Asker: 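This is the structure I want to talk about, given as structure tokens.
Being a predicted model, the structure only gives us computed values, none of them experimental. Naming: A, B, ... by sequence-line order, numbering from 1 per chain.
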Amino acid sequence: MAKKPRTKKAPAKGKASSKSQPVATPEDFVLHSLQEEHEKSPKFDASPEQLLHFYEQMLLIRRFEEKAGQLYGLGLIGGFCHLYIGQEAVAVGLQSALTEQLDSVITGYRDHGHMLAYGIDPKVIMAELTGRQAGISKGKGGSMHMFSTEHKFFGGHGIVGAQVALGGGLALAHQYNEDGGLCLAYFGDGAANQGQVYETFNMAALWNLPIVFVIENNGYAMGTAVTRSSAETEFHRRGTAFRIPGMDVNGMDVLEVRNAAEIAFKHVRDGKGPVLMELNTYRYRGHSMSDPAKYRTREEVQEKRDHHDPIDGLKKVLLESGKTEEEIKAIDKNIRKIVSEAADFAENSPEPEASELYTDVLVEEY
Amino acid sequence: MAIELKMPALSPTMEEGTLAKWLKQEGDAIEPGDIIAEIETDKATMEFEAIDEGTLAKIMVEEGTENVAVGTVIAMIAGEDEDESDVSSPAATETAADVPGEGKDVGRSDEDGSITPEKPKSQPKADPEIPHGTNMASIPVREALRDAMAEEMRRDERVFVMGEEVAQYQGAYKVTQGLLDEFGPKRVIDTPITEYGFAGIGTGAAMGGLRPIVEFMTFNFAMQAIDHIINSAAKTNYMSGGQMRCPVVFRGPNGAASRVGAQHSQNYGPWYASVPGLIVIAPYDSSDAKGLLKAAIRSEDPVVFLENELLYGKSFELPELDDHVLPIGKARIMREGSDVTIVSYSIGVGFALEAAETLAGEGIEAEVIDLRTLRPLDKQAVLDSLAKTNRLIIAEEGWPTCSIASEVQAICMEEGFDHLDAPVLRVCNEDVPLPYAANLEKLALIDASRIVEAVKKVCYKD
Ligand SMILES: Cc1ncc(C[n+]2csc(CCOP(=O)(O)OP(=O)(O)O)c2C)c(N)n1
Ligand SMILES: [Mg+2]
């Protein structure tokens with residue numbers, strides 16, 4: 001299956017010898033080397049344009065999600081709606097390091113931010129949330145099931161953990177086609193306990209697949225804190241058994257995320273096999289809209305908002321770099337306008353034609 | 001411009017709620033992210049967060065007000081450069097008009113009864129299993145299920161519950177509310193999101209002599225675990241020549257909820273009902289939910305117990321008995337009639353009863369049969385009713401192909417052919433993955449009017 005034989009492992013490791021060696025062997029070093037490289041200088045050296053772009057994208061996600069929450073409250077969005085507020089730096093930092101039109105991305109149901117980070121028109125995303133014909137899935141998918149093959153964004157999956165194995169398949173396709181692309185597969189700290197994740201880790205490492213596994217550790221799976229669901233809460237270590245190097249990244253700082261992404265992607269593109277990144281982040285809102293949030297304190301959320309907010313953090317950097325409050329206010333105003341236009345569009349565009357009920361079930365006619 | 005704050009919908013099925021508490025008062029400054037009020041839904045108390053910046057100018061709905069419809073203006077916020085005294089209140093407390101086809105799911109059942117069936121005006125026929133003269137109390141299905149588990153846990157030390165969010169969170173749909181408090185963490189176990197793993201652990205624990213109740217957050221996620229349900233649980237007794245039992249209950253909501261899309265909306269009744277070695281139960285009302293769940297827990301066989309999220313909050317009469325256990329494998333006549341039989345189960349029963357009311361108004365008396373157990377299926381009840389009415393349709397919230405409806409059709413063909421005056425018809429969901437858009441979802445799911453139409457067809461009325 002693999003194009004070339006695996007070279008990263010030393011030949012047969014005797015059990016006895018590894019036991020008698022308390023210090024890390026050189027071959028174990030690779031499991032930490034990416035992290036060490038990242039820690040040497042954790043902040044990405046962004047150009048002024050890049051800084052501005054990151055800021056705009058994160059703010060767009062924030063405002064978009066706030067608006068989505070509002071529309072849900074008004075009954076314009078139905079079902080489940082999982083907001084990305086607080087986690088913006090993860091999608092923006094990672095996806096900005098991808099090669100467009102080449103690399104693929106897949107994630108779970110908390111997917112609005114990942115799509116916006118691609119620069120996909122907020123109008124068609126919001127229109128999907130309101131279930132309209134103009135939505136990116138023609139209104140048939142909804143918040144959890146959105147896709148853009150044009151951008152090589154493969155969804156948007158409602159079943160926790162499914163995207164990890166699917167991501168393995170996307171990576172297999174990259175390898176098979178020798179196109180030089182990689183797959184970025186996002187999943188949550190809760191999803192990280194599904195069995196198929198480890199089946200995929202094993203095959204990805206065994207076959208040297210070009211995949212970056214990204215655990216968005218936001219501290220909770222629905223109402224369950226990671227310490228109540230996971231025996232090993234240092235998720236970046238979870239690839240060790242499969243010899244997948246791990247990275248432990250501050251997901252609340254877009255520059256650190258981007259820096260780590262550069263290192264991880266290079267490793268994968270160099271043909272050295274998968275990387276597991278743990279992005280430590282936080283979701284400010286409930287799991288979905290119907291979450292009473294009794295499992296954490298208001299103070300905990302407030303502390304994150306006040307001291308670790310990725311947007312506030314980058315705003316500081318922008319101000320230090322010479323941008324003025326007025327300039328930043330102008331960005332905010334512009335983004336609010338984009339979002340409110342998206343909401344108007346999503347509210348006023350028509351529902352799907354009734355005949356759409358029967359289209360797209362199968363591709364061919366039989 | 002003043003901003004109207006409207007009563008938010010805080011869950012897919014919320015139609016109204018109680019404004020429990022204002023955490024901000026008139027005149028208070030508000031920042032995005034501030035908690036303004038606490039709102040109680042049928043499931044939980046939720047915090048209502050501000051999105052806009054401004055001043056709370058006017059409170060329109062006082063705290064403690066119950067049954068505030070989603071969309072009602074509850075307060076006015078004055079924007080940044082605005083004097084709050086300028087804010088004029090909108091005309092009375094207008095409720096958000098729910099325009100059909102406008103993409104709103106909330107409040108929809110008020111207007112067309114399609115998402116959850118109307119409560120039939122006349123009481124369904126009493127269950128002959130319940131002693132005449134028993135006191136009845138009106139209890140939501142959710143509580144009936146909880147009480148069934150609690151009673152069985154008190155009765156039998158071996159019974160325990162496991163699943164995602166069942167303990168500390170009190171259940172994703174609050175079905176296990178209060179169980180952790182009463183029985184402690186040894187018997188009410190939160191699992192990680194690992195359906196395959198914990199279904200296997202539950203099955204193994206049953207093999208080891210315990211009586212596990214494995215809750216799936218919804219049956220959609222049991223697809224991860226279906227191997228253990230079918231290969232490990234269902235076949236054990238047979239393969240071991242009757243030595244090794246597997247008395248486990250797999251339970252959770254099944255079928256379409258509201259606007260949750262294709263991956264979260266499926267009826268697995270026909271899937272599990274096709275497997276020898278399993279008991280499959282799908283109750284409609286509170287009495288059956290409780291009586292049959294208790295029976296399921298006591299059964300020596302593995303049971304798949306299919307609930308319905310849209311029914312959790314509906315109240316029905318529940319007999320006040322010390323030990324309300326119902327027989328597995330028995331259908332129930334919900335309404336007697338002589339002209340036509342409507343067979344259904346789970347949420348479909350509500351639609352069938354609603355259709356029967358409408359039909360009665362047009363001079364057609366329909367008999368409504370609730371299968372309650374899908375495997376073993378009570379053939380005799382179906383055939384007896386067919387012998388009486390000579391016409392039969394099946395209403396099923398699920399796909400038509402290889403369905404319970406198909407099975408009932410087959411039974412009528414094989415064993416009731418001589419009684420048939422018309423072909424047996426299926427009224428099922430459309431044969432497509434469930435779409436998200438409000439209008440399409442409505443078109444895809446069964447409702448009472450489609451049942452009425454099918455009945456008229458088999459009665460050769462128009
Ligand atoms: C197989 C499966 N089990 C359960 C669920 C219900 N569910 C949806 S999201 C979720 C929590 C997942 O948490 P995590 O992986 O940490 O992601 P986060 O929501 O924090 O982004 C659960 C239990 C599901 N969708 N699929
Ligand atoms: Mg999480």
Side-chain angles (χ1 to χ4, degrees), chain A residues 66-67 69-70 72-80 128 130-133 135 137-145 157-162 188 190-191 193-196 221-224 228-230 284-286 288-295 298 302 305 347 351-352 354 356-358 361, chain B residues 6-12 14 32-33 35 41 43-49 51 70-71 96 98 101-107 164-165 168-169 172 190-197 217 220-221 223-224 257-264 430-433 435-441 443-444:
Chain A
E66 286 168 352
K67 183 59 90 180
Q70 225 170 9
Y72 191 96
L74 295 174
L76 283 159
I77 297 173
F80 295 129
E128 188 59 38
T130 55
R132 306 306 166 101
Q133 178 77 43
S137 297
K138 298 185 205 161
K140 289 151 96 169
S143 160
M144 300 189 284
H145 312 115
H157 295 267
I159 301 301
V160 167
N193 292 318
Q194 285 283 30
Q196 60 181 313
M222 224 170 234
T224 305
R228 297 206 303 115
S229 66
S230 299
Y284 296 176
R285 293 295 185 91
S288 66
M289 297 304 296
S290 42
D291 175 357
K294 289 279 180 289
Y295 47 84
R298 261 178 222 170
Q302 204 55 44
R305 279 176 184 260
E347 209 172 325
E351 293 188 301
E356 282 288 358
L357 185 56
Y358 307 99
V361 178
Chain B
K6 293 182 178 165
M7 183 72 167
L10 298 168
S11 80
M14 175 173 166
I35 313 295
T41 70
K43 289 177 209 157
T45 304
M46 310 267 300
E47 293 173 342
F48 182 31
E49 222 172 80
I51 294 157
V70 164
D98 195 0
E102 272 297 285
K104 294 189 181 188
D105 67 320
V106 287
E164 291 158 24
E165 309 288 1
Q168 282 198 17
Y169 198 80
D190 275 326
T191 64
I193 312 169
T194 54
E195 287 82 5
Y196 188 31
M217 196 175 280
N220 302 287
F221 315 142
M223 293 258 261
Q224 308 272 319
S258 171
R259 304 287 308 281
V260 292
Q263 291 186 325
H264 282 66
E430 292 301 307
D431 202 9
V432 297
Y436 165 76
N439 65 329
L440 297 185
E441 185 188 66
L443 288 170

Asker: Would His145(A) and Tyr436(B) count as a ring-ring contact (aromatic ring centres under 6.0 Å, His included) here? Give the steps.
Answerer: CA-CA 9 Å; His145(A) 312 115; Tyr436(B) 165 76; 8.6 Å; no
Asker: Mark yes or no for whether Glu195(B), through its side chain, and Gln224(B), through its backbone, hold a donor-acceptor pair below 3.5 Å.
Answerer: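 Absent.
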Asker: Non-hydrogen atoms of chain B under 4.5 Å away: do they reach the side chain of Tyr358(A), the backbone, both or neither?
Answerer: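 The answer is both parts of Tyr358(A).
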Asker: Which atoms of Gln133(A) are under 4.5 Å from chain B, going by heavy atoms: the side chain, the backbone, both sets, or neither?
Answerer: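 For Gln133(A), there is no contact with chain B at all, as no heavy atom is under 4.5 Å.
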Asker: Under 4.5 Å heavy-atom distance to chain A, tell me which part of Met7(B) shows up: side chain, backbone, both or neither.
Answerer: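 The backbone, not the side chain.
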Asker: Is it the backbone or the side chain of Ala444(B) that comes under 4.5 Å from a heavy atom of chain A, or both, or neither?
Answerer: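 Both backbone and side chain.
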Asker: Quick one: what part of Met222(A) sits under 4.5 Å from any heavy atom of chain B, side chain, backbone, both or neither?
Answerer: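 Both backbone and side chain.
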Asker: Please identify, among Met144(A), Glu66(A), Lys294(A), the residue contributing the most non-hydrogen atom pairs under 4.5 Å to chain B.
Answerer: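 Ranked by contacts with chain B, first place is Met144(A).
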Asker: Go through the structure and list residues passing ring-ring contact (aromatic ring centres under 6.0 Å, His included) with Tyr196(B), not counting sequence neighbours.
Answerer: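 For Tyr196(B), the residues satisfying ring-ring contact (aromatic ring centres under 6.0 Å, His included) (neighbours in sequence not counted) are His228(B).
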Asker: Are a donor atom and an acceptor atom from the side chains of Thr224(A) and Glu165(B) found within less than 3.5 Å of each other?
Answerer: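 Indeed, the side chains of Thr224(A) and Glu165(B) share at least one donor-acceptor pair under 3.5 Å.
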Asker: Looking only at heavy atoms and a cut-off of under 4.5 Å, which of Gln302(A), Arg305(A), Lys140(A) has the most pairs with chain B?
Answerer: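 Maximum pair count with chain B is reached by Lys140(A).
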Asker: Main chain of Arg132(A), side chain of Glu351(A): is a donor-acceptor contact present, judged purely on distance under 3.5 Å?
Answerer: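 It does not hold such a pair.
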Asker: Relative to chain B, which of Gln196(A), Gln70(A), Arg228(A) shows the most heavy atom pairs under 4.5 Å?
Answerer: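 Most heavy-atom pairs under 4.5 Å with chain B: Arg228(A).
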Asker: Under a 4.5 Å heavy-atom cut-off, does chain B meet the side chain of Ala221(A), its backbone, both or neither?
Answerer: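 The answer is both parts of Ala221(A).
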Asker: Report the residues that fulfil side chain to side chain contact (heavy atoms under 4.5 Å, CB included) with Met289(A), sequence neighbours left out, ordered by chain and then residue number.
Answerer: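 With neighbours one apart ignored, the set is Tyr72(A), Cys81(A), Leu83(A).
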Asker: Give a yes or no answer on whether the side chain of Glu128(A) reaches the backbone of Gly139(A) with a donor-acceptor pair at less than 3.5 Å.
Answerer: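 Yes.
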